[in-house]
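Here the structure is a predicted model, which means the values were calculated and not measured.
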Amino acid sequence: MPNSGQTDTAALVAMLNERAAVNVRLALVADAQQWQLHHGQVIVDDTPLTERVWRYSTASFLELCLPGPMVAALLRGDEQDIHGLHVVTPGPPPSSAFTSRLRGQQEWDRVTTPWPRTEWTINRDVNTPQLGHDLLVGDGPSFLNFDQALSAFLHQRPHDSNASRSDLWRIVRPQRAGWLSQITIGSDLLTAVVDGEALDGAVLELSWAAGNERQSVDGAGAYRFALPHGLAHDSLLMLRREDQWLDWRSFPAPTYGRARDASVVWEQPGPELELLLANGEGKHLECKREVPEGDSRKKMLKTIAAFASQDGGTVLIGVRDDLQIVGMLEGANVDRQVLQVVGMIRDNLEPVPSYEPRVIEHGGKTVLAIEVSGGGQMYAYRDGQRAEFYVRVGPNTVPARHHEIAAGFRQAPTVTTF
């Protein structure tokens, strides 16, 4: 199966028809004497579910375990009676759904899982009317408006006002045949811990430009690869069965755009720093000799705003433009400098992006890494009363164009868990 593409909606209906039961979350809006589906999530899994029902006069939110054929009928566009409510869908569904096959610990739509998964999304009609902003008071918690209630129900974030979703359906199927639960990287050894429910015939492969090494997997446990020359920056670790991958990781561990990969542990951060520098400054990496002052400070903050507005990036302080690791200035109080950078970001960027400052020791030198997550919206550098927006083009930070700013505000972030 390809990593992304299109799937016929009829195939998804058939898949759900074959399931005795699936877990669903439904957000419904009152429409005359019936309830119209605003957003539905389906988890094709046998994990036990704690039911939740929030009822209001204009909206209802249901988290239930339902028969697969009932959900298949709703996906097909047929009216259904669910938990005492007559539920209809807004017109016939599109003929196909966007498909994405994700490895373990890969973030998509602000969701990560230890195991791989396949996700299908079906978007709503662009002409769907916008929801009102009435107070919601009823059987569930009270909210200022529908968006806040939707955010709280799906994400446990009651104060997130950016909960609007363009997708009518989101269908998730966990893939637990096998996955990489932890990878530990040392200077001369890589250890991969494999877990899974169907590992027969699986192979673990470490490949790089100059060669590869394979091991048969005889069950869950730890598998080791010697690294006599360290880990190559183009390395790929793959758990596979014949010509199908079960799970994989590439290196360095993804640090751009959202959270770090929790499954990858670097015993010594020095090799990670070298891998990060291997491809030089670019769209996701900026190097600074020291914590900047004056105009250089503004330049760094613009770059952080650009990273956050796109898919993330890292600023390394203590590395020259020619990628030489020189460390922070001798005698500098590292903790104080970290607080200085944190203060710059807090005082000059709006909203404050998600980021993590990390101190890395390498060859007796100290480097400060500011790892910025991509937020799926625009982040501004504020110069007095004026908000300025920037994007990253190769190794350069440039002012964002009007259409880029508009697109960024249309794609405000959502956070979903399951």
Evaluate the side chain to side chain contact (heavy atoms under 4.5 Å, CB included) criterion for residues L285 and L277: first the C-alpha distance (whole Å), next the side-chain angles of each, then the deciding distance (0.1 Å), finally the verdict.
CA-CA 8 Å; L285 183 66; L277 291 170; 4.1 Å; yes

Yes or no on side chain to side chain contact (heavy atoms under 4.5 Å, CB included) for L75 and V42, after CA distance, side-chain angles and deciding distance?
CA-CA 10 Å; L75 177 61; V42 182; over 6 Å; no

D81 and H86: side chain to side chain contact (heavy atoms under 4.5 Å, CB included), yes or no, with the steps?
CA-CA 4 Å; D81 290 318; H86 189 67; 2.8 Å; yes

One pair to check against side chain to side chain contact (heavy atoms under 4.5 Å, CB included): V372 and T303. What are the steps and the verdict?
CA-CA 10 Å; V372 184; T303 296; over 6 Å; no

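Here the shortest heavy-atom pairing between L190 and I185 reads CD1-CG1, 4.2 Å. For the pair S57 and W35, the tightest heavy-atom approach, listed with the atom from each and the gap, is O-CH2, 4.0 Å. In terms of heavy-atom proximity, A369 sits nearest to L316 at CB-CD2, 3.7 Å. Shortest non-hydrogen contact noted between V391 and E404 is CG2-OE1, 3.9 Å. The two residues R52 and F153 have their closest heavy-atom pair at NH2-O, 2.7 Å. When all heavy atoms of L26 and I82 are compared, the closest pair comes out as CD1-CD1, 4.0 Å.
No side-chain heavy atom of Y355 sits under 4.5 Å from any side-chain heavy atom of V315. Taking the side chain as every heavy atom from C-beta outward, L168 and L37 approach each other to under 4.5 Å. Residues V194 and L180 have side chains in contact (heavy-atom distance under 4.5 Å, counting atoms from C-beta outward). In this structure, the side chains of E286 and I370 stay at 4.5 Å or more apart for every pair of heavy atoms. Counting heavy atoms from C-beta on, the side chains of Y381 and L349 come closer than 4.5 Å. Under the 4.5 Å side-chain criterion, counting only non-hydrogen atoms from C-beta, F98 is in contact with S4. Side-chain atoms of T366 and V359, non-hydrogen and from C-beta on, do get closer than 4.5 Å to each other. Using a 4.5 Å heavy-atom threshold, the side chains of P353 and I345 count as touching.
At distances below 3.5 Å, not a single donor-acceptor pair connects side-chain atoms of D45 with backbone N or O atoms of N23. Side chain of R117 to main chain of Q106: a donor-acceptor pair is present (N/O by atom type, distance under 3.5 Å, no hydrogens or angles). Although no hydrogens or angles enter the test, the distance criterion places no donor-acceptor pair under 3.5 Å between the side chain of R170 and the main chain of E119. Side-chain N or O atoms of R25 include one that pairs as donor or acceptor with a backbone N or O of L154 at under 3.5 Å. A distance-only check finds a donor-acceptor pair linking the side chain of D234 to the backbone of A209 [under 3.5 Å]. Side-chain atoms of Q80 never come within 3.5 Å of backbone atoms of V71 as a donor-acceptor pair (strictly under, hydrogens ignored). Here the side chain of N145 pairs a donor or acceptor atom with the backbone of Q148 at under 3.5 angstrom. T9 places a side-chain N or O within 3.5 Å of a backbone atom of P94 that can act as its donor or acceptor partner. Checked by atom type and distance alone, the side chain of H284 never pairs as donor or acceptor with a backbone atom of T314 at under 3.5 Å.
The pair R19-D46 counts as a salt bridge, with a side-chain nitrogen and a carboxylate oxygen less than 4.0 angstrom apart.
Distance check: L206 CG to S235 OG gives 5.0 Å after rounding to the nearest 0.5 Å. Rounded to the nearest 0.5 angstrom, L85 CG and Q34 CD are separated by 11.5 Å. How far CG of D311 is from CZ of R392: 11.5 Å, rounded to the nearest 0.5 Å. In this structure, OH on Y379 lies 15.0 Å from CG on L301, to the nearest 0.5 angstrom. Rounding to the nearest 0.5 Å places CD1 of I171 at 5.5 Å from CE of M15. In this structure, L74 CG and T89 OG1 are separated by 6.0 Å, a value rounded to the nearest 0.5 Å.
Residues satisfying the side-chain hydrogen bond (donor to acceptor under 3.5 Å, both in side chains) test with Q6, not counting sequence neighbours, are S96. Residues meeting the ring-ring contact (aromatic ring centres under 6.0 Å, His included) test with W179, sequence neighbours left out: W115. Under the rule for a side-chain hydrogen bond (donor to acceptor under 3.5 Å, both in side chains), D295 has no partner lying at least two apart in sequence or in another chain.
D218 and Y223 share a side-chain donor-acceptor pair at under 3.5 Å. A donor-acceptor pair shorter than 3.5 Å can be found between the side chains of R55 and S60. Between the side chains of T184 and Q182, at least one donor N or O lies within less than 3.5 Å of an accepting N or O.
Considering R214, R249, R241 as possible partners of E205, the one that fulfils the salt bridge (Lys or Arg N to Asp or Glu O under 4.0 Å) test is R214.
Within a 6.0 Å sphere centred on CD of E51, other residues, nucleotides and ligands contribute more than 12 heavy atoms. Residue R401 places its CZ atom among 12 or fewer non-hydrogen atoms of other residues, nucleotides or ligands, all under 6.0 Å distant.
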